[in-house]
Novice: 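Quick one: the structure is below, and I'll ask about it shortly.
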Amino acid sequence: MNHKILKIHPQDNVFVALTSLTKGERLSYDSEEITIEENIPAKHKFSEYDLKLGDAIIMYGILVGKANKKIAKGSRLTVENVIHQTNSFSKKEGIHNWDIPNTDRWKSKTFMGYHRNDGQVGTANYWLVIPLVFCENRNVEVMKHAFLEELGFAKANPYKDYVRKIVDLYKQGKESTIEYHEILDVQSQHPSIFQNIDGMKFLTHTSGCGGTREDSDALCALLAGYIANPNVAGATILSLGCQNAQISILEEKIQNIQPNIKKPVYYLEQQKEGTEQNMMVNAIKKTFSGLVEANKINRKPASLNHLTIGLECGGSDGFSGISANPTVGQVSDYIVALGGKAILAEFPELCGVERELINRCKNNEIANKFTHLMKSYEASAEAVGSGFDMNPSPGNIRNGLITDAMKSAGAAKKGGTSPVVDVLNYAEYAVKSGLNLLCTPGNDVESTTALAGSGANIILFTTGLGTPTGNPVAPVIKISSNTALANKMSDIIDFDTGYILTQGRTITELGEELLDFIIQIASGEMKTKAQQLHQDDFIPWKRGISL
């Protein structure tokens, strides 16, 4: 690899700057001489040869844009001279031949997990308290404050001590000279009385009523997926009674996933219980009884085919598709080869790679479902004056991802190379071993929320810019595309793939190390940074209008 520039695919007509390049700098790549025509920041792309108006921009071997004006050889690609462009897609063609990776080193390995009656195995053991409608959010918060500290699940907050010391100095008429590191970790979390429970999670939201029936049904399907998730021991559900998202709908959605569910699920409806006090006392009693039962479950060895990994990215940069995403794709292939499940989300970030994914589908039925969902989703976006081409964020653009197709070509690398065994609409539960595609938005939290609702018991989240995103029930492993980010935001990054760019390490090597790290997280031997921070992000996707 040239230490300054990279051509990702032999058919590409652009280079990636691995480090910042200076105007007038002369470079060579495979005997080709290139003069840099302008300053080019690291992560950005520049043209291999002169491009004229309308010429195709090729990266990863596929069309990711077209020239909006003349671009001289050695000049930077920008939003001013390149626009989004993709190839058309239709029916599945040919047979996908998968080169299955060697997994001998993991075939006898296990993780220590929580075995459920339905055959799933959890990487954690949580109890959920969920409102069926936003009207119950306050009651859920009251339960949260009643339970967490008393049971030892509350996270210590050293910032409280920091504020207290500043206030004391203010009262004394003094300026604050206290440095934060002086009080860091002063508080310690009280040991939990339930040693086999990883915590209680309280999933407040703004849905359940006032929107379309489609939205309330989707919410119930999502919540059913959370209850069915192998990382969940049981749940307490608070309902008002008159809302669109009825208890009966949630029960039906749970039955669709687990017809003979054995987990304890307690329903309390305020309009039937009477006073708030009656409902809250009953909810607390039932929940405590459920926690006692959940605490009787111990971690036991489980083969790796019980892992279901969600594949996600957020705050992506121009290196994500070169280091972090391909490493995750390597892990996805390992998990699939071992008999597990992988779920690739974010349909707006599969724009431009549809043809490849369609051809990887196991059969025409799966391919047709993917095509239908992609086209319907894009049509819905266009109907409100948007479109997939508007997906890249300002941060993406500043860091070299200037078209959605360019971003998508790198994002899709998280899905590896294995066949697509199923395509899931939002809130559908993954049941087939292999690679599943899940229809979600590109929004980080809405997408990770959906991954856990479809059964992911671990989520791999790549980032080039840094994001604290976590999930209430599925450990989220944050994977950086570059070492500078891993060093700068070490409190949120779990695994660094930047060594691929700086030390010439291979995707295979980093993939092997990442899978070993996943096994440690799945066994409860380590906590992800998001778990340590109690970063419990939960946002259901509201697809319809509000009524």
Side-chain angles (χ1 to χ4, degrees), residues 8 16 43 60 309-335 342-350 353 391-393 395-396 399-401 404 406-417 435 437-438 440-448 450-452 456 458-471 474-502 505-515 517-518 521 528-530 535 537:
I8 299 172
V16 182
K43 307 179 184 181
Y60 300 94
I309 58 169
L311 310 173
E312 177 73 20
C313 59
S316 298
D317 70 351
F319 290 157
S320 293
I322 303 170
S323 56
N325 292 343
T327 299
V328 167
Q330 184 73 38
V331 171
S332 174
D333 283 350
Y334 287 146
I335 293 293
I343 309 174
L344 178 62
E346 300 180 288
F347 271 28
E349 296 178 13
L350 300 179
V353 295
N391 176 264
S393 69
N396 295 148
N399 286 270
L401 299 176
D404 185 54
M406 186 182 291
K407 182 180 179 182
S408 297
K413 296 297 179 184
K414 300 191 302 294
T417 59
L435 177 63
L437 304 182
L438 173 62
T440 76
N443 178 292
D444 300 350
V445 177
E446 288 177 334
S447 188
T448 50
L451 284 166
I458 291 277
I459 295 174
L460 307 184
F461 191 120
T462 66
T463 182
L465 306 178
T467 169
T469 303
N471 182 265
V476 177
I477 298 175
K478 217 68 61 56
I479 301 156
S480 68
S481 70
N482 61 90
T483 302
L485 170 64
N487 292 335
K488 182 174 68 173
M489 304 183 77
S490 58
D491 59 328
I492 64 171
I493 298 298
D494 299 288
F495 192 89
D496 178 22
T497 63
Y499 303 118
I500 292 170
L501 303 170
T502 59
R505 299 197 60 193
T506 67
I507 289 166
T508 300
E509 288 173 347
L510 270 294
E512 290 173 352
E513 291 179 16
L514 179 54
L515 181 49
F517 182 74
I518 290 167
I521 295 293
T528 67
K529 299 294 177 64
Q535 187 79 32
D537 299 306

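We use all heavy atoms of the structure for the numbers below, so side chains are in, but hydrogens, waters and symmetry mates are not.
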Novice: Taking the side chain from K478 and the backbone from T469, do they hold a donor-acceptor pair closer than 3.5 Å?
Specialist: yes
Novice: Under the ring pair (Phe, Tyr, Trp, His ring centres under 6.0 Å) test, which residues partner Y334, sequence neighbours left out?
Specialist: W106
Novice: Residues two or more places apart in sequence or in another chain: which of them pass side-chain hydrogen bond (donor to acceptor under 3.5 Å, both in side chains) with T502?
Specialist: none
Novice: Apply the test side chain to side chain contact (heavy atoms under 4.5 Å, CB included) to residues D494 and V476: give CA-CA distance (whole Å), side-chain angles for both, the deciding distance (0.1 Å), then the verdict.
Specialist: CA-CA 9 Å; D494 299 288; V476 177; over 6 Å; no
Novice: For a quick test of reading the model, state the closest non-hydrogen atom pair linking G314 to D444 and the distance between them.
Specialist: CA-OD1, 3.4 Å
Novice: Would you give the length of the straight line joining atom OG of S480 to atom CZ of F495, rounded to the nearest 0.5 angstrom?
Specialist: 9.0 Å
Novice: If the condition is side-chain hydrogen bond (donor to acceptor under 3.5 Å, both in side chains), which residues does T417 pass it with, not counting sequence neighbours?
Specialist: W98, D333
Novice: Looking at every heavy atom in both I479 and T497, which two are closest together, and how far apart are they?
Specialist: CG2-CG2, 3.6 Å
Novice: Under the side-chain contact (heavy atoms from CB on, under 4.5 Å) test, which residues partner A342, sequence neighbours left out?
Specialist: I309, L311, S332, V336, L435
Novice: Could you pull out all residues at least two apart from P326 that satisfy side-chain contact (heavy atoms from CB on, under 4.5 Å)?
Specialist: K413, I507
Novice: Can you list the residues that meet the side-chain contact (heavy atoms from CB on, under 4.5 Å) rule with A412, with sequence neighbours excluded?
Specialist: L350, V353
Novice: Sub-3.5 Å donor-acceptor pair from the side chain of T327 to the main-chain atoms of S323, do we have one?
Specialist: yes
Novice: Please check if the side chain of E346 supplies one atom and the backbone of C313 the other of a donor-acceptor pair under 3.5 Å.
Specialist: yes
Novice: For T483 and D496, does a side-chain donor sit closer than 3.5 Å to a side-chain acceptor?
Specialist: yes
Novice: Residues in salt bridge (charged side-chain N to carboxylate O under 4.0 Å, His left out) with E512, at least two apart?
Specialist: R105
Novice: Can you name the ring pair (Phe, Tyr, Trp, His ring centres under 6.0 Å) partners of F347, sequence neighbours left out?
Specialist: F370
Novice: Distance from L401 atom CG to M406 atom CE, nearest 0.5 Å?
Specialist: 7.5 Å
Novice: Taking side-chain contact (heavy atoms from CB on, under 4.5 Å) as the test, write out the residues that go with S393, two or more places apart.
Specialist: N396
Novice: Could you list the residues that satisfy side-chain hydrogen bond (donor to acceptor under 3.5 Å, both in side chains) with N399, not counting sequence neighbours?
Specialist: K43
Novice: Taking only residues two or more places apart in sequence or in another chain, which ones pass salt bridge (charged side-chain N to carboxylate O under 4.0 Å, His left out) with K407?
Specialist: E349
Novice: With sequence neighbours left out, write down each residue that passes side-chain hydrogen bond (donor to acceptor under 3.5 Å, both in side chains) with Q535, or none if nothing qualifies.
Specialist: D537
